[in-house]
*Asks:* 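Below is one structure. I have some questions about it.
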Amino acid sequence: TQLLEQSPQFLSIQEGENLTVYCNSSSVFSSLQWYRQEPGEGPVLLVTVVTGGEVKKLKRLTFQFGDARKDSSLHITAAQPGDTGLYLCAGVGRDSNYQLIWGAGTKLIIKP
Amino acid sequence: DSGVTQTPKHLITATGQRVTLRCSPRSGDLSVYWYQQSLDQGLQFLIQYYNGEERAKGNILERFSAQQFPDLHSELNLSSLELGDSALYFCASSGIGLAGTDTQYFGPGTRLTVL
């Protein structure tokens with residue numbers, strides 16, 4: 001069974017700090033997506049990465065797919081209170097029948 | 001607003017009961033996914049439909065069933081409810097139904113509380 005492990009599970013930092021959250025697996029994924037979910041709402045797709053080593057930037061958010069396509073990271077620069085939410089990674093693996101395998105999420109709180 | 005609608009927004013019921021959750025996908029999307037999310041946890045994929053046909057099954061209990069109708073709306077039926085079924089249930093839709101390629105657009109969810 002392919003699994004995605006996210007770390008840390010919970011992170012609370014001050015506004016203006018930088019942070020990185022991780023999404024790791026022992027299996028190869030053909031693509032990996034990052035979502036943000038705010039309280040009371042459904043997840044919203046932030047980015048999809050498909051190529052090993054790929055880096056994508058979305059304003060202050062930088063997403064990287066590992067060279068071996070087994071892991072990914074999300075780095076936030078100068079975090080703001082609006083970045084608060086649950087960050088979920090999800091990937092399509094070789095054995096997942098084209099369905100997304102989801103990580104448990106990182107709950108991020110940015111304090112003003 | 002994702003364009004995906006879910007009703008009802010909240011549902012409170014008792015153990016042993018049966019409920020139906022409804023989802024209307026974005027206009028033009030053919031695929032519907034159902035997910036369960038327990039408190040502050042990730043999403044558990046339940047089932048996917050594409051253009052009326054079941055495409056993939058995840059961790060869906062035998063007490064749960066779903067269908068997608070000709071107008072593409074979908075219903076998730078939960079029966080013989082247990083306390084542990086209390087959760088947020090999300091519906092998502094996408095165009096061609098290829099996870100990881102398609103963007104899944106999520107509805108606002110139905111919060112089910114079983115007492």
Side-chain angles (χ1 to χ4, degrees), chain A residues 1-12 21 23 25 27-51 54 65 69 72 84-109, chain B residues 1-10 21 23-26 29 31-50 54-60 87-113:
Chain A
T1 304
Q2 294 179 290
L3 295 173
L4 279 169
E5 295 185 355
Q6 290 191 243
S7 61
Q9 290 183 304
F10 179 80
L11 185 58
S12 178
V21 298
C23 177
S25 176
S27 305
V28 174
F29 285 83
S30 56
S31 67
L32 202 135
Q33 297 179 325
W34 284 92
Y35 291 77
R36 179 169 65 212
Q37 182 180 15
E38 298 185 18
E41 298 182 9
V44 176
L45 179 66
L46 297 174
V47 75
T48 300
V49 286
V50 296
T51 306
E54 183 175 4
F65 202 12
R69 289 184 290 137
S72 181
T84 292
L86 179 68
Y87 288 80
L88 297 158
C89 67
V92 176
R94 287 179 179 161
D95 303 324
S96 65
N97 193 28
Y98 299 103
Q99 294 306 310
L100 285 174
I101 296 168
W102 292 81
T106 292
K107 188 169 185 178
L108 177 63
I109 295 177
Chain B
D1 184 356
S2 66
V4 178
T5 60
Q6 288 187 249
T7 56
K9 191 158 179 65
H10 300 278
L21 313 184
C23 169
S24 292
R26 288 190 329 151
D29 283 354
S31 194
V32 169
Y33 307 77
W34 285 99
Y35 292 91
Q36 179 191 60
Q37 185 177 38
S38 300
L39 187 63
D40 284 342
Q41 292 190 3
L43 297 169
Q44 293 291 324
F45 167 66
L46 297 178
I47 198 163
Q48 179 199 3
Y49 280 83
Y50 177 79
E54 181 184 306
R55 172 169 276 189
K57 240 178 185 178
N59 300 321
I60 188 166
L88 269 169
Y89 290 85
F90 285 104
C91 166
S93 75
S94 70
I96 58 174
L98 288 179
T101 301
D102 260 5
T103 296
Q104 291 189 26
Y105 294 89
F106 283 78
T110 292
R111 181 174 293 281
L112 174 66
T113 302

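In what follows, every chain begins at residue 1, and chains take the letters A, B, ... in the order their sequences are listed. Bear in mind the structure is a predicted one, so any value in this text is a computation, not a measurement.
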*Asks:* Should we say atom CZ of B:Arg111 is surrounded by more than 12 heavy atoms from elsewhere, each under 6.0 Å from it?
*Replies:*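 No, CZ of B:Arg111 has 12 or fewer neighbouring heavy atoms, counting only those of other groups under 6.0 Å.
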
*Asks:* Counting only heavy atoms not in A:Glu5, do more than 12 fall under 6.0 Å of its CD?
*Replies:*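 No, because the 6.0 Å sphere around CD of A:Glu5 holds 12 heavy atoms or fewer from other groups.
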
*Asks:* Is A:Phe29 close to chain B through its backbone or its side chain, or both, or neither, when contacts mean heavy atoms under 4.5 Å?
*Replies:*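 No part of it gets close to chain B.
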
*Asks:* How long is the straight-line distance from CG of A:Leu45 back to OG of B:Ser94, given to the nearest 0.5 Å?
*Replies:*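 Reported to 0.5 Å precision, the distance equals 11.5 Å.
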
*Asks:* Looking at every non-hydrogen atom in both residues, tell me the closest pair between A:Leu100 and B:Tyr35 and how far apart they are.
*Replies:*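 Looking at all heavy atoms of both residues, the closest pair is CD1-OH, 4.3 Å.
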
*Asks:* Is the shortest heavy-atom distance from the side chain of B:Phe90 to the side chain of A:Gln37 under 4.5 Å?
*Replies:*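 B:Phe90 reaches A:Gln37 side chain to side chain.
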
*Asks:* To the nearest 0.5 Å, how far apart are CD in B:Gln104 and CD in A:Gln33?
*Replies:*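 One gets 7.0 Å once the value is rounded to the nearest 0.5 Å.
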
